[in-house]
2 protein chains.
Amino acid sequence: MPESLTLEQVARAARVSTATVSRIINGTGTVSAHKRAAVMEAIERLGYRPNMMAQALARGSTMSVGVLTPDIASPFYSAVLRGVERGFGGSGYHPVFASEEWRVSSASDSLDLLVSRRVDAMIVLGGNTPLDRLRELAGLMPLVVLGRELPGLEGQCLEVDQTVGAEQATHHLLALGHRRIVHLAGPEDHADARARLAGYRRALRDAGVPEAPELIVPGDFSEAGGHAATEALLAAGVPFTAIFAANDQSSAGAQLALFRRGLRVPTDLSVVGFDDIPGSAFERPPLTTVRQPTGDMGQAAAAMVLALLRGEQPSMPTFRAALVERESTAPVPTVRSNARGRKKG
Amino acid sequence: MPESLTLEQVARAARVSTATVSRIINGTGTVSAHKRAAVMEAIERLGYRPNMMAQALARGSTMSVGVLTPDIASPFYSAVLRGVERGFGGSGYHPVFASEEWRVSSASDSLDLLVSRRVDAMIVLGGNTPLDRLRELAGLMPLVVLGRELPGLEGQCLEVDQTVGAEQATHHLLALGHRRIVHLAGPEDHADARARLAGYRRALRDAGVPEAPELIVPGDFSEAGGHAATEALLAAGVPFTAIFAANDQSSAGAQLALFRRGLRVPTDLSVVGFDDIPGSAFERPPLTTVRQPTGDMGQAAAAMVLALLRGEQPSMPTFRAALVERESTAPVPTVRSNARGRKKG
DNA sequence: CTGTTAGCGCTTTCAG
DNA sequence: CTGAAAGCGCTAACAG
């Protein structure tokens, strides 16, 4: 492996000082057109790329921001990540991704890694990071948290109201006449999951529909979890006409369980999901779900970090989850008659 | 923001020299238990985290390897990424992800960024990076390429034989009696897509089934692309009894088009995909597809890089794509009779 | 076993 | 406008 080029070699090749080359690279100070041309030529010819490590050390800033994500392979988080990338475009800063699963060693985790990398700021997605670590972090550098409300750090937490979204979803089902609505919940230790459950409950309460404990079943946001929970429900013979799943992935698992029993969606049962991940619009039938503006959220998080880095007060856009009515929901089937009219609307 | 701690401050606090602290942190050299304890205590109490930038500069190595991916949000690539993460576990090296979409500026792309970051090695996924840049890179540092065969760099290219996988898929359909099999192709400039098309063709040829140009339709690996192409086929009235999609995502789009026309899978038509992304096992019906060992591939790529970094000759595991028969395929429907027996097997 | 001392490649005063 | 020189925080000889 050839040693990589240094600023000094470029300077030598262009017959100028290292300071001059540095000025040109960074656009700081003024340099004569003559020398500038010589330096540019040398950089080009030699294929020089500044060593960011050295730049960071000398400058005291890495021009990078850490992005901590629970799972880099999740359709939801990766959509947010894309937004974050977009948000940093052209800012000079670039994102450094780290997934929570990743352990450098038993003693240090991804967060430590990012801190060691001396990122200038951090964006934390999701809620698995211990609160105290987050507080400590907030004292160290600009921090924006997505999807969790941190007591004392409200101004740096970007959230969409999951509760309202879940309420809308449940209300939609209620309006279609459903009364026995299953909620396929997410992990109990997940803030969003709890908020969605709360929205489900509120909608039922507001509609005066009593909550049935047996209709709230535990899931884990995965297809397999949704499948298992629904399977269990069916096996137990619990009656229901609709499922509101805590996310799209678990709704897919639930639907497979229905499918196995020959139950049709939305004819026999209605299903609504949450998130509106890319594939959901193409399910058969296309899934009615609650859309989260993932890309925009990521982009906004990046914008907030950038503002914080500039020492400005970041503006906090409000995001709302909104129901996307597609084709997995329909009026509750009438048992005693087949008089479901053919009238439009 | 508090300035972050330096090695020197720790050394001062522990009343030892910086060299001693460095030795302890890196496990190089031997240090008396007494001083070691004092240093550990200081590190702990102060919350010291080494500055990787400085370490990298001093050491001449960043202990990081760049991972370039076409799209961080793709279910396929992100599964590979997970494998890569696993593969680096405990090695001391850590992955730095960059997606090709991301542009630092008009002049420099993700690859430049990774080079600037002085990653010690690189893993490139997929085939969008210009060949000459890859060659140049290979001269600079250990490089492993996944999913592309680079002339002259065969030893560093990890591939699964896409052609054989596609052949299996097509053969499976052929064995079920299908003759009018659509191939919903991937992007023409994508090596894997071309290989899958080649496999489709080879299977047809081997079976003595003539290739019908109108059955090979262009897609782009997306749900929307699959939907549009299938829609067009249906609108044109082209007869066919099965679809072999170049990937699972486009197969979902295709299925939506069928669904819109009231066509049932696998009763009326059979569909097979490629990749076996996480959701495919939970489609209704579960999708018959060609599985790629994504996680293993990622892990193997990491292992190869690690070997290269140690100066060893990396071993090249062979991966094969294998058909996973699920429920989206069935014997071609008999038009003139409904005599499809009820015999098992 | 431990401290001293050169750098690593780059930015940034500070003089010219 | 430009160069010299002093670090940035850490590692790695090199002496003790």
Side-chain angles (χ1 to χ4, degrees), chain A residues 1-40 42-43 46-64 92 113 115-120 140, chain B residues 1-40 42-43 46-64 92 113 115-120 140:
Chain A
M1 301 300 136
E3 285 311 301
S4 41
L5 294 158
T6 69
L7 224 205
E8 193 180 348
Q9 298 176 54
V10 173
R12 203 136 48 200
R15 312 191 156 289
V16 297
S17 71
T18 59
T20 299
V21 179
S22 174
R23 288 190 184 100
I24 291 176
I25 289 176
N26 301 295
T28 50
T30 42
V31 179
S32 70
H34 169 233
K35 301 209 166 191
R36 157 168 274 109
V39 170
M40 295 300 261
I43 288 179
L46 270 29
Y48 171 72
R49 304 260 179 281
N51 181 332
M52 293 187 72
M53 305 294 135
Q55 288 185 311
L57 194 56
R59 179 158 48 206
S61 143
T62 55
M63 297 304 285
S64 67
L113 182 66
V115 172
S116 256
R117 266 179 156 22
R118 293 295 190 271
V119 292
D120 295 339
L140 240 48
Chain B
M1 301 297 137
E3 284 310 301
S4 40
L5 295 158
T6 69
L7 222 203
E8 194 179 346
Q9 300 178 53
V10 173
R12 204 138 44 200
R15 310 189 158 290
V16 298
S17 71
T18 60
T20 298
V21 180
S22 174
R23 287 190 185 100
I24 292 177
I25 290 176
N26 301 295
T28 49
T30 44
V31 180
S32 71
H34 169 236
K35 300 210 167 190
R36 156 168 274 109
V39 171
M40 295 300 261
I43 289 179
L46 270 30
Y48 169 73
R49 303 261 178 281
N51 181 330
M52 293 187 74
M53 304 295 135
Q55 289 185 311
L57 196 55
R59 181 157 48 207
S61 142
T62 56
M63 298 304 284
S64 68
L113 182 65
V115 172
S116 257
R117 266 179 159 10
R118 294 295 189 271
V119 293
D120 294 340
L140 240 47

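Note that these values count all heavy atoms, side chains included, but never hydrogens, waters or copies made by symmetry. In what follows, chains are A, B, ... by sequence order, proteins preceding strands, each numbered from 1.
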Report summary line: Residue set satisfying side chain to side chain contact (heavy atoms under 4.5 Å, CB included) with A54(A), at least two apart, ordered chain then number -> N51(A), L57(B)
Report task. Take the protein atom CZ of R59(A) and the nucleotide atom P of dC10(C), then report the distance between them rounded to whole Å. Result -> 11 Å
**Report entry** Test side chain to side chain donor-acceptor pair (under 3.5 Å) applied to S22(A) - qualifying residues, sequence neighbours left out
**Finding:** N26(A)
Report summary line: Hits for side chain to side chain contact (heavy atoms under 4.5 Å, CB included) against I43(A), two or more places apart or cross-chain, chain-then-number order -> V10(A), I25(A), V39(A), Y48(A)
Query - Within residues 47-57 of chain B or reaching into it, pairs that qualify as salt bridge (charged side-chain N to carboxylate O under 4.0 Å, His left out) - sequence neighbours excluded - result: D112(A)-R49(B)
Query raised in the report: Just wondering, more than 12 heavy atoms not from M40(A) lying within 6.0 Å of its CE?
Result: no
I'd like a list of close polar pairs between nucleotides 3-7 of chain C and the protein, N/O only, cut-off under 3.5 Å.
{"residue": "dG3(C)", "atom": "OP1", "partner": "K35(B)", "partner atom": "NZ", "Å": "2.8"}
{"residue": "dG3(C)", "atom": "OP2", "partner": "S17(B)", "partner atom": "N", "Å": "3.1"}
{"residue": "dG3(C)", "atom": "OP2", "partner": "S17(B)", "partner atom": "OG", "Å": "3.1"}
{"residue": "dG3(C)", "atom": "OP2", "partner": "T20(B)", "partner atom": "OG1", "Å": "2.7"}
{"residue": "dG3(C)", "atom": "N7", "partner": "R23(B)", "partner atom": "NH1", "Å": "3.4"}
{"residue": "dG3(C)", "atom": "O6", "partner": "R23(B)", "partner atom": "NH2", "Å": "2.3"}

Query raised in the report: Listed by chain and number, what are the side chain to side chain contact (heavy atoms under 4.5 Å, CB included) partners of A19(A), not counting sequence neighbours?
Result: S17(A), R23(A)
Report task. Apply side chain to side chain donor-acceptor pair (under 3.5 Å) to T28(B) and list each qualifying residue two or more places apart in sequence or on a separate chain. Result -> none
Report summary line: Ordered by number, residues from residues 24-33 of chain B within less than 4.0 Å of DNA chain C (heavy atoms) are T30(B), V31(B), S32(B)
Query - salt bridge (Lys or Arg N to Asp or Glu O under 4.0 Å) involving R12(B) - partner list, sequence neighbours excluded - result: E8(B)
Report task. Not counting sequence neighbours, which residues clear salt bridge (Lys or Arg N to Asp or Glu O under 4.0 Å) with R15(B)? List them please. Result -> none
Report task. Measure from CG on L5(A) to P on dC8(C) and round the result to the nearest Å. Result -> 15 Å
Query raised in the report: Are the side chain of T62(B) and the backbone N or O of R118(B) linked by a donor-acceptor pair below 3.5 Å?
Result: yes
Report summary line: So the contacted stretch of DNA chain D, first to last nucleotide with an atom under 4.0 Å from a non-hydrogen atom of chain A, runs from dC1(D) to dG9(D)
Query raised in the report: Through what angle, rounded to 10 degrees, does the axis of the helix from dC1(C)-dG16(D) to dG16(C)-dC1(D) turn between its ends, using five pairs per end?
Result: 40°
